[in-house]
Amino acid sequence: MPLAELIKIRREKVIKLRQMNINPYPYRYEVSHGIGEVLDQFTSLAEKQTALRLAGRIMLKRKMGKSFFAHFRDASQMMQIYLKLDVVGQEAFDLFNLLDLGDIIGCEGTLFITKTGERTLRVHKFELLAKSLHPLPDKHAGLTDVETRYRRRYADLIINPEVREVFIRRSRIIQIIREYLNSHDFLEVETPILQPLYGGGMARPFTTHHEKLDMNMYLRIADELYLKRLIVGGYDKVWEYCKDFRNEGLDRLHNPEFSMIELYWAYADYKDIARLFEDLLRHTVFTLYGKYKIPYGEYEIDFEPPFQWVTMIGSIAGQTGIDFTDMSYEEARAAAKKLGVEGTELINRGKVIEAVWENKVEKTLIQPTFVADFPVEISPLAKKHREDDRLTERFELFIAAQETGNAFSELNDPVDQLERFLQQGKAIEAGDKEAQPLDDDFVTALSYGMPPTGGLGFGIDRLIMLLTNQHTIRDVILYPQMKDYKEGTVPVSKILRQLLEEEKNKSS
RNA sequence: GGGGGUGUAGCUCAGUGGUAGAGCACCUGCCUUUUAAGCAGGGUGUCGAUGGUUCGAUCCCAUCCACCCUCACCA
């Protein structure tokens with residue numbers, strides 16, 4: 001049956017209800033218990049014959065002569081209700097007959113167990129709390145079409161409890177991290193999303209324009225430079241849960257709008273940050289699951305510290321037998337070529353080493369592994385390594401072959417920072433759309449003096465994928481970015497407008 | 001951007017060069033402890049969009065749109 005027909009049938013029920021002087025959209029319902037709570041305490045509530053007031057959405061409904069069985073669901077759980085004519089009376093019975101799957105009702109009653117053993121609410125009274133006009137997806141096959149699931153997340157959430165569970169866990173994970181950082185004296189701050197200049201990451205930004213100020217602005221790609229200014233200002237530990245925006249491709253690991261946590265810790269270096277990050281992840285996993293080993297796809301990931309620590313160049317040597325430590329750019333390029341890694345974008349020694357590493361090592365890092373000491377050319381905001389100035393004190397944490405965090409001993413020498421920006425400027429001129437522009441005010445801030453500082457950024461969406469065993473970023477973001485589509489759907493509003501038109505014509 | 005795939009009823013899916021089907025949902029009737037309730041009956045769709053080929057296209061061809069997978073590039 002076409003959607004318009006199904007909606008019309010329900011619309012007619014609404015009209016009928018109004019004629020019966022029943023408001024299909026009343027204002028409130030006094031709920032005494034959640035359904036999950038009722039199921040948890042079923043035995044004692046049933047014994048006492050406590051009168052309960054529960055509310056939820058009708059998911060299943062079947063008529064049995066002079067009685068009904070139905071299942072309804074609230075945020076916590078689903079349970080069966082039983083309603084019979086000689087308990088509720090003819091009027092209420094007929095009203096229940098008008099209800100559809102998807103309607104939201106409030107029920108008052110007591111508990112019992114059916115012959116077949118199902119815990120059930122015997123309904124004494126009920127009220128319609130909201131009429132549903134749109135039919136629900138199939139009660140067994142559910143809603144599987146991914147496009148509809150993402151475009152109409154509400155339908156996905158109504159019909160797929162496991163999807164609801166992922167987002168409950170997402171919320172818990174963020175809460176656990178927030179509590180951890182706050183209890184470790186990190187100050188939660190807010191910095192601009194709308195920025196006159198972007199920086200703090202390698203990415204193409206979204207650009208916009210402020211009319212009154214007549215200036216171009218960018219949606220932030222990272223909040224790093226603003227947080228470091230706060231370290232200059234004298235806060236020792238700061239962090240932010242931030243939405244960042246990057247104008248790049250979309251795939252199972254990338255959404256243009258995504259979430260990160262960045263934190264900065266004065267007087268610490270990248271090794272202190274590694275210990276902190278390790279402990280934060282350990283704590284989060286354990287709080288969530290009560291254990292350290294959790295499944296991710298075909299793997300079992302072990303979050304019990306200490307995590308493995310390798311250097312970028314060392315891990316390349318481990319995989320390929322080739323040591324890039326003392327190679328010049330030309331030697332590195334030749335060595336990379338022998339390994340099958342080449343390309344015009346490999347314009348300096350650092351990019352060559354990074355490319356070889358990505359090609360040969362990244363895929364192999366399943367268990368949590370810190371990869372440390374990145375080349376200076378690809379790390380414009382990190383402090384040079386204390387033992388080798390061709391490298392920086394920087395690590396990324398890899399889990400299940402995915403980057404799960406990025407940290408440095410922060411560069412706090414304003415002169416060195418200026419030189420790095422100038423280096424990046426050359427890259428921009430050479431056509432690198434992801435190189436970082438010179439931020440004069442940031443150099444100015446550093447010139448006031450920033451203490452030695454360790455900093456960390458990690459993508460929340462990818463971390464949540466890892467901790468909830470989801471394999472596409474769209475399954476951990478409630479409203480992932482979708483392309484507009486122009487054809488192929490009949491919006492409900494169009495159907496309703498037609499119905500209203502018909503009703504008007506009929507009554508006049 | 002390259003390659004591959006998908007798009008048919010509200011949902012999940014079959015199917016066909018001669019105007020389309022199933023299950024669920026929906027409507028009517030029976031049934032006062034059912035549960036994928038059951039039984040009897042009923043209705044149905046711009047077959048993603050636009051062109052083309054054809055006597056005739058949902059099916060073949062072209063273009064476009066959306067979605068998925070994959071490679072490349074990046075978080």
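Below, each value reflects all heavy atoms present in this structure, side chains not excepted, and no hydrogens, waters or symmetry copies. Order of the sequence lines sets the chain letters (A, B, ...), proteins ahead of strands, with each chain counted from 1.
Phosphate contact (OP1/OP2 of C73(B), side-chain N/O of R204(A), threshold under 4.0 Å): absent. Look at T114(A) and you won't find any side-chain N or O under 4.0 angstrom from OP1 or OP2 of U34(B). Taking 4.0 angstrom as the limit, K483(A) places a side-chain polar atom (N or O) nearer than this to OP1 or OP2 of A66(B). At C27(B), one or more side-chain N or O atoms of K13(A) fall inside 4.0 Å of OP1 or OP2 (strictly under the cut-off). For the OP1/OP2 pair of A37(B) and a distance below 4.0 Å, the side-chain nitrogens and oxygens of K139(A) include at least one atom meeting the criterion.
Distances were taken from every side-chain heavy atom of H134(A) (C-beta onward) to each of G10(B), U70(B), C31(B); the shortest belongs to G10(B). With distances taken from any side-chain atom of K84(A) to the nucleotides C24(B), U32(B), U44(B), the minimum falls on U32(B). For V146(A), the side-chain atoms get nearest to C68(B) when compared with the rest of G45(B), C74(B), C68(B). Nearest to the side-chain atoms of M1(A) among the listed nucleotides A25(B), U70(B), U34(B) stands A25(B). For I9(A), counting side-chain heavy atoms from C-beta on, the closest listed nucleotide (C24(B), C26(B), G10(B)) is C26(B). The side chain of D100(A) has C27(B) as its nearest neighbour among U33(B), A37(B), C27(B). Here the nucleotide nearest the side chain of R151(A), chosen from U32(B), A75(B), C67(B), is C67(B). The listed nucleotides are U32(B), U34(B), C74(B); the one nearest the side chain of E118(A) is U34(B). Ranking A75(B), U12(B), U34(B) by closeness to the A141(A) side chain, first place goes to U12(B).
Per the geometry, CE belonging to M64(A) stands 14 Å off P belonging to A36(B), to the nearest Å. Rounded to whole angstrom, the span from the CD atom of Q402(A) across to the C1' atom of C74(B) amounts to 14 Å. Remark: P of U12(B) and CG of L136(A) are 12 Å apart, rounded to the nearest angstrom. Going from atom CG of D145(A) over to atom P of C68(B) covers 10 Å, rounded to whole Å. What separates CG of D475(A) from P of C68(B) is a distance of 10 Å, to the nearest Å. Distance CG (L60(A)) to P (C26(B)): 10 Å, rounded to an integer number of Å. Whole-Å rounding puts the D156(A) CG to G10(B) P distance at 19 Å. For R149(A) and C68(B), the CZ to P distance is 11 Å, given to the nearest whole Å.
A cation-pi arrangement, defined by a distance under 6.0 Å to the six-membered ring centre and an angle within 45 degrees of its axis, is present between R122(A) and F112(A). Relative to the ring axis of Y329(A), R349(A) does not place its NZ or CZ within 45° and under 6.0 Å from the centre.
When heavy atoms are screened at a 4.0 angstrom cut-off, M260(A) is found touching no nucleic acid atom at all. Heavy atoms of R474(A) sit under 4.0 angstrom from primed sugar atoms or phosphate atoms, though from no base atom. Within the nucleic acid shown, L6(A) comes within 4.0 Å of at least one base atom, counting heavy atoms only. In this structure, L143(A) reaches the sugar-phosphate backbone alone: every heavy-atom distance under 4.0 Å involves primed, P, OP1 or OP2 atoms, never a base. Nucleic acid contact for G142(A): sugar-phosphate only, since backbone atoms but no base atoms lie under 4.0 Å from a heavy atom of the residue. D86(A) comes within 4.0 angstrom of a base, heavy atoms only. Among the protein residues, E345(A) comes within range of no part of the nucleic acid, since none of its heavy atoms lies under 4.0 Å from any strand. At the heavy-atom level, N255(A) lies under 4.0 Å from base atoms of the strands shown.
When each of Q80(A) and P135(A) is assigned the nucleotide of RNA chain B with its nearest heavy atom, P135(A) is the one assigned upstream, toward the 5' end. Nucleotides of RNA chain B nearest to H140(A) and T144(A) differ in position, and the one nearer the 5' end is that of T144(A).
The P atoms of C67(B) and C60(B) are separated by 24 Å, rounded to the nearest whole Å. Look at the P atom in both A9(B) and A14(B): the space between them is 12 Å, to the nearest Å. Taking the P atoms as reference points, U12(B) lies 30 Å from G29(B), given to the whole Å. The gap from the C1' atom of U44(B) to that of U33(B) amounts to 35 Å, rounded to the nearest Å. For the P atom pair drawn from C24(B) and G42(B), the interatomic distance equals 15 Å after rounding to whole Å. G51(B) sits 13 Å from C59(B) when the P atoms are compared, rounded to a whole Å. Atom P of G5(B) sits at a distance of 44 Å from the matching atom of G41(B), rounded to the whole Å. One P atom belongs to G48(B), the other to G43(B), and the distance between them is 25 Å to the nearest Å.
H471(A) places a side-chain heavy atom less than 4.5 Å from the side chain of Y296(A). Looking only at side-chain heavy atoms (C-beta outward), D100(A) and L136(A) stay at 4.5 Å or farther from each other. W265(A) is listed as a side-chain neighbour of L276(A), based on a closest heavy-atom distance under 4.5 Å. Put simply, the side chain of I159(A) does not reach to within 4.5 Å of the side chain of K139(A), judged on heavy atoms.
The partner of U16(B) cannot be assigned: no Watson-Crick or G-U wobble pair with both contacts below 3.5 Å exists in any strand. Of all nucleotides present, only C61(B) satisfies the Watson-Crick or G-U wobble test against G51(B), with each distance under 3.5 Å. Pair assignment for U6(B) gives A66(B), based on Watson-Crick or G-U wobble hydrogen-bonding distances that are each under 3.5 Å. Across all strands shown, A75(B) forms no Watson-Crick or G-U wobble pair with both key distances under 3.5 Å. Base-pair partner of C30(B): G38(B) (Watson-Crick or G-U wobble, both distances under 3.5 Å).
A side-chain donor from one of H254(A) and R462(A) sits under 3.5 Å from a side-chain acceptor of the other. In this structure, a donor-acceptor pair under 3.5 Å is absent between the side chains of T144(A) and R149(A).
U19(B) shows a glycosidic angle within 90° of 0 and is accordingly assigned syn.
A salt bridge between E342(A) and R333(A) is absent, with no side-chain N of the basic residue lying under 4.0 Å from a carboxylate O of the acidic one.
You can call F258(A) stacked on the base of A75(B); the centres are under 5.5 Å apart and the planes sit within 30°.
Here the rule is ring-ring contact (aromatic ring centres under 6.0 Å, His included) with Y270(A), and of F370(A), Y264(A), W309(A), F277(A) only W309(A) fits it.
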